2 protein chains.
Amino acid sequence: MAQLRIALAQVNGTVGDLTGNADLIVEWTRRAAGRGAHLVVFPEMFLTGYPVEDLVLRKSFVDASIETLDATARRLADEGLGAIPVVAGYLDRRADVVDRVGQPAGAPLDAAAVLYEGRVAVRTAKHHLPNYGVFDEYRYFVRGDRLPVLRLHGVDVAVAVCEDLWQDGGPVTVTREAGAQLLVVPNASPYERNKDDVRLELCARRAREAGCALAYVNLVGGQDELVFDGDSLVVSGTGELLARGPQFAEDLLVADVELPDAPAEFESGETPADAHDGTTITIERVLLSSTPVPPYPPETPPCAEPLGDLGEVYGALVLGVRDYVRKNGFRSVILGLSGGIDSALVATIAADAIGPDNVHTVLMPSRYSSEHSITDAEELVKRQGIHARTVPIRGMVDAYEAELDLTGLAAENLQARVRGNILMGLSNEHGHLVLTTGNKSELATGYSTLYGDSAGGFGPIKDVPKVTVFALSEWRNAQTAGLPPLVRASATPPIPQNIIDKPPSAELRPGQLDTDSLPPYDILDALLDDYVEKDMGHDALIAAGHDRELVERVIRLVDAAEYKRRQYPPGPKITPKNFGRDRRLPITNRWREIAAPHTPDPARVDTKQTAADT
Amino acid sequence: MAQLRIALAQVNGTVGDLTGNADLIVEWTRRAAGRGAHLVVFPEMFLTGYPVEDLVLRKSFVDASIETLDATARRLADEGLGAIPVVAGYLDRRADVVDRVGQPAGAPLDAAAVLYEGRVAVRTAKHHLPNYGVFDEYRYFVRGDRLPVLRLHGVDVAVAVCEDLWQDGGPVTVTREAGAQLLVVPNASPYERNKDDVRLELCARRAREAGCALAYVNLVGGQDELVFDGDSLVVSGTGELLARGPQFAEDLLVADVELPDAPAEFESGETPADAHDGTTITIERVLLSSTPVPPYPPETPPCAEPLGDLGEVYGALVLGVRDYVRKNGFRSVILGLSGGIDSALVATIAADAIGPDNVHTVLMPSRYSSEHSITDAEELVKRQGIHARTVPIRGMVDAYEAELDLTGLAAENLQARVRGNILMGLSNEHGHLVLTTGNKSELATGYSTLYGDSAGGFGPIKDVPKVTVFALSEWRNAQTAGLPPLVRASATPPIPQNIIDKPPSAELRPGQLDTDSLPPYDILDALLDDYVEKDMGHDALIAAGHDRELVERVIRLVDAAEYKRRQYPPGPKITPKNFGRDRRLPITNRWREIAAPHTPDPARVDTKQTAADT
């Protein structure tokens, strides 16, 4: 058996920051060398960041990526780190194809390279391109068709990229044919609720298919609407979990693995192999070093405990907010504090993400605001040490009403829009990023005002159903001891219990309660999950036990709100996954899931609506 | 030689309106039969509308499409129209593939069928899938691999779909091998400026490649941010233009074509053929009728004159507005009228699109509004007979300023946002669709206020550079005789000359002019076209003769505005093509085209900015 110490650099880079990301490659390689690692692996497209979207179509950006990669190889050698092979993702292009209609301009590749002894020892690129859900990679990349196999200390190490693990055939199949002892896989795999279990099972299955150990290194950090969770891992050739990194935090996961010896003979060069997906992949064998590592006592590899469901969600939200703020060059945020649970949770997440001193809140009471909405908000401000000011909206609302005769929903919207203006005005004046506070249940059903409470740059809980808002608030209140770097320690629970306990209300008319117009949130959220996330149709929803009348009402609300959202894009990006992006629906459309035709009237469905209003 | 009278039904359907579109198929087939046509061809996916985006991933929608197609075939026969073959685009699925990761759910097909004698005689589907620009078809469809060849009155007619014309290899190549005499191609090809010349050249080239005449039928109508322009045409096997339909209007283009006789023998069945694009296509021969049409005197086919460049652009804008309003169930629009040229042109387009009685305008003077801004707007209202009311904003602005101390840009934004609130309030109260009035030059450079002048459902001139705004206004003023159905006749030029002649100003501070912060529009627009549309980089722009300092300033402005637009989505859809959609840039990104790093500060770049402000 051969030994190898591999280091998985689960690092948080920034899209487009080639210099900064190259610095991170050097810094983390130095740390890996300090730990005695024989191989370092960085995440997918780490040098450029991921996803870079339409930047890949700019020639100057592809040039910059390739040049920076070469410079990084030289720099590693210059700084005495040339002897440790570094697997780094970057952006490259195919030189052997000409531009044609239907192919991404410049033939970009989602590439990975091995940097060794001051040079790029080998280059490869992702073979399977994801083009579903949040991925659009047929727009951006052409397919790679190589599998590098590096002889390193007497072990054959193959390199595949991210999606190559998720689809059948391709590099994993060819890895078995190539007889490698280790498959390393740089990834940029976004967090989804419950995905970690899927990921471990997948790695175990693919390791068995490839017939060798598998090292999976994942990106960590927030990037626009996506949050990458880390959770890197190593499994043996039989699929046994050997090592696992933490979630939502940077980490150098160092693991000693015992691997079968490679055959003594080795021949550099290229061999074509059937990829069993209708394509041919060229195995490219490269000799780095044939001498095995002298035997050494292995360390027990770390195996991080998963955070648990609510901890993961909360961690994703904190990291998503922190990185969106930081990577966009902001230092502070501003949000409206209503005294309700949504804005209370968003303020708490923001305080955990960037510190309470960078969180600015505005209380904007109206004639309909209850006494407790102010006192509860003030208590939250006091417990967390965030900034607050009060701006009553009555005078502004009166000024509009002096000129316009608005009634019903139009009058309710006006209050929300005045609040949106105040926040945007303070943002423009002082440079804070505006956070919105809408949750997924109310956004899905259209219970929100365009240019009002939806005005802002980032919506931390836009993809969080209301029942989860309650659960996260309870969960966070229980973490008074803290959970660095995601949760601050606090003397008291940060969210006053009355905010969690009182019935939700928008307070846009006297005595209004959410339950006036919506069913209880546990019933609503279960239905929304089946309709929006599982994409079940009308008949399937009823067969699953949902009330027929409620199904039809909620389908109407959701469809109207979705078309509305596309018609008047509502504002903030979200985390951990973009509610709007996964469903792309034509606006001028007459087809509806339910029998009764329902043409949304976009001027009418944009606020705090009731079933009667639609 | 054989004769055939073909009818190209250049019709305006509605996405999702299966029943309404099926009605149109029957109605226009009846018209074609009345004209003695032997074959009718409808546009791509006409039965479902195009593009249907994520609706194709819903099983219930695909089922409905297939069922409606079958019912339409029966209905045509029931109504005595079974003897005329009807080529109709619809949505189908591949039954022979199982769902897997990386393939669109349900394996949808961008299909076309021939309806004949109460049945679906043959089905096919688009082979080449466009996945660039505004197209995302790898997300939606799997590839078709058949070429139907119908023996009709002794002529062999092949059917291909839209993109199959644009890419090399595939159905066109196989059409030659199949020895067809006519290739009919249903299309849904959106309007782009100057595309009509490209389209005719393409059809002529592909006809020569296929070795036969080619009938190209294109959709007409507005669908969200796209406008389909019709412009259907027929070319001979040598590429000569035989017939051409109008632009931006429905039409039944009837053309008598003389074609070589097909070989006397005919064998139904399937033959595989090399598609010369790495795939195999199955030729499917189907006998409809072997008897040639008895000789008849051919009619001279119509050949519509192109509208000319400005006429085309204006036509696209009128049809885009009309269909967005109508297909979304609105009857009226509302917009702010500043007395400037942008809102004047938008009001004029709207009046042409839906009639002046359905156009509501609001004059919203501030303390900085000039006298002429009010009198010019009033003159425009009078000339066009549109509705107008005046709502001074001073009281509302004062009410905000009593509570908030906003300066500079924040104070300018406030005025724009108060106006946005007024329009949205009136929209909510009265059910008008809000039109925004921003042009492409100011939106590209960030000269716009979020939730202010960008608040609205549809932005007719969002993709129109300022120089074209002037040119369109002059062009429209010259069309007093009208150009139905796109331009109304008018006694006087609809736009007062002073609106065209005076220097542009946002009037958000005393004496403000656009030229205070931007270069002259002819210089700016030429540079924007090279940077945004042609995607030229920094060095290429300077090499093309643009001033270096201006290049760097404009790149900074555009990049900041683009990131801003993605960060705070600004609101309206646009026509004729979506400015934002073609450039998908990651927000949290540190890469910039120009050497000097420039991190946009999104709270600072969202309004009437000057170079100094960024």
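None of these values were measured; they are calculated from a predicted model.
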In terms of heavy-atom pairs under 4.5 Å with chain A, which of [options] leads?
options: B/W166, B/Y138, B/Y132; value: B/Y138
options: B/L426, B/L414, B/T407; value: B/T407
options: B/N421, B/N131, B/L406; value: B/N421

* Asked: In terms of heavy-atom proximity below 4.5 Å to chain B, should A/I422 be classed as side chain, backbone, both, or neither?
  ->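 A/I422 touches chain B through backbone and side-chain heavy atoms alike.
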
* Asked: Do B/R389 and A/L404 come within less than 4.5 Å of each other through their side chains, counting heavy atoms only?
  -> yes

* Atom pair CZ (B/R100) and CG (A/D168), whose distance is rounded to the nearest 0.5 Å ->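 One finds 8.0 Å between CZ of B/R100 and CG of A/D168.
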
* In Å and rounded to the nearest 0.5 Å, what is the CD to CD distance from B/Q103 to A/Q167? ->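 Reported to 0.5 Å precision, the distance equals 9.5 Å.
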
Would you mind checking which part of [X] comes under 4.5 Å of any heavy atom in chain A, side chain (CB onward), backbone (N, CA, C, O), both or neither?
X: B/P104; answer: neither
X: B/V56; answer: neither
X: B/D405; answer: backbone
X: B/E163; answer: side chain

* To do: Please work out which of the three classes, parallel, tilted or perpendicular, describes the rings of B/Y451 and A/Y451, given edges at 30° and 60°.
  =>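 Rings of A/Y451 and B/Y451: tilted, 30 to 60°.
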
* Asked: Looking only at heavy atoms, which two atoms of B/M536 and A/R58 are closest? And how far apart?
  ->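 So the two residues come closest at O-NH2, 3.5 Å.
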
* If every non-hydrogen atom of B/G425 is compared with every non-hydrogen atom of A/A410, which pair is closest and at what distance? -> O-CB, 3.9 Å

